[in-house]
Amino acid sequence: KQEVTQIPAALSVPEGENLVLNCSFTDSAIYNLQWFRQDPGKGLTSLLLIQSSQREQTSGRLNASLDKSSGRSTLYIAASQPGDSATYLCAVRNQFYFGTGTSLTVIP
Amino acid sequence: ETGVTQSPTHLIKTRGQQVTLRCSSQSGHNTVSWYQQALGQGPQFIFQYYREEENGRGNFPPRFSGLQFPNYSSELNVNALELDDSALYLCASRMDRGHAEAFFGQGTRLTVV
């Protein structure tokens, strides 16, 4: 059974810092991996989608990498801003399995 | 703006009642999935529909059922509501081809009292 883990559960950083969020999965048959952000009480906003055959994707200040052999993906956020404060979730296998998220707070 | 809309945004029901939640997908997205998200948890997959047929189901009892219509709308029905059904319910749609990106609605907050 696929399990998706996100550590840490919460992270607080000063504005301007570069940061990395982690997503681990136990089964490498993932089809794809998608990163989302979620603001409190809201739906999910898609950030990046990486297909199983890809190694990374970039969008603006965000870069996501995928290493299936180690069962890991990282989301890199450059020059963090207070508006980046949200919960970040990863999902694998056509969004069937989700992690529990990392709650990010960027302090002005 | 994801092009996926859900209604209602909030709902309060009494234990034992039945509820219907609605979702309107992006045009051209024939796959719709429903999720339950408890506070502080990641979304849990309930089921998925493709061209009006259920083609995947998570670990949810049969009192959770769904429908998908040809006009890209869909429903989640929950019978015999329990207190633990209180959660944010999310729907997501995606294109058929390959392993595509999913787009989520804003969710329906269901409270069972």
Side-chain angles (χ1 to χ4, degrees), chain A residues 1-10 21-26 28-54 57 59 62 64 66 68 73 75 86-104, chain B residues 1-11 21 23-26 29-50 55-60 86-111:
Chain A
K1 183 180 179 288
Q2 176 73 267
E3 291 187 8
V4 182
T5 305
Q6 293 184 249
I7 295 173
L21 305 179
N22 298 299
C23 172
S24 299
F25 47 91
T26 55
S28 62
I30 61 170
Y31 297 167
N32 55 24
L33 187 146
Q34 190 167 357
W35 282 94
F36 298 89
R37 73 172 276 167
Q38 185 175 32
D39 295 294
K42 303 295 185 183
L44 278 61
T45 299
S46 177
L47 297 174
L48 289 165
L49 172 74
I50 310 177
Q51 299 294 348
S52 180
S53 58
Q54 297 175 320
Q57 284 287 336
S59 175
L62 306 180
L66 175 64
K68 283 196 309 176
S73 175
L75 178 66
T87 296
Y88 290 79
L89 294 152
C90 64
V92 301
R93 206 173 173 95
N94 288 337
Q95 306 85 27
F96 188 95
Y97 299 100
F98 273 83
T100 52
T102 294
S103 177
L104 173 66
Chain B
E1 183 62 49
T2 66
V4 181
T5 57
Q6 292 186 243
S7 63
T9 54
H10 295 84
L11 199 54
L21 310 182
C23 174
S24 178
S25 304
Q26 283 194 30
H29 286 194
N30 287 305
T31 299
V32 65
S33 303
W34 286 89
Y35 300 82
Q36 180 192 68
Q37 186 178 25
L39 209 58
Q41 301 295 316
Q44 297 291 314
F45 175 80
I46 302 174
F47 46 57
Q48 176 176 284
Y49 278 77
Y50 172 70
N55 74 340
R57 190 174 185 94
N59 189 27
F60 280 82
S86 296
L88 182 67
Y89 288 85
L90 298 161
C91 76
S93 74
R94 59 184 172 87
M95 295 180 69
D96 307 340
R97 292 189 296 275
H99 305 298
E101 184 177 12
F103 297 92
F104 279 75
Q106 288 299 294
T108 294
R109 171 68 64 186
L110 172 65
T111 302

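Below, chain A is the first sequence line, B the second, and so on; all start at residue 1.
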Q.
I need the residue from B:Gly56, B:Gly42, B:Gly40 with the largest number of non-hydrogen atom pairs under 4.5 Å to chain A.
A. B:Gly42
Q: Would you mind checking which part of B:Gln6 comes under 4.5 Å of any heavy atom in chain A, side chain (CB onward), backbone (N, CA, C, O), both or neither?
A: neither
Q. Under a 4.5 Å heavy-atom cut-off, does chain B meet the side chain of A:Gln95, its backbone, both or neither?
A. both
(Q) Is A:Leu44 in contact with chain B via its backbone, its side chain, both, or neither, using a 4.5 Å heavy-atom distance? (A) both
Q) Donor-acceptor pair, A:Ser73 side chain versus A:Leu66 backbone, under 3.5 Å? A) no
**Q.** Engaged part of A:Gln38 at the chain B interface, taking heavy atoms whose separation is under 4.5 Å
**A.** side chain
Q: Using ring-ring contact (aromatic ring centres under 6.0 Å, His included) as the criterion, list what pairs up with A:Tyr97, not counting sequence neighbours.
A: none
Q.
Has B:Gln44 got a side-chain atom pairing as donor or acceptor with B:Gln36's backbone, closer than 3.5 angstrom?
A. no
Q | Spacing of B:Arg94 atom CZ and A:Asn94 atom CG [to the nearest 0.5 Å] | A | 4.0 Å
Q: Please confirm whether B:Arg57 makes a cation-pi placement over B:Phe47, using NZ or CZ under 6.0 Å from the six-membered ring centre and within 45° of the ring normal.
A: no
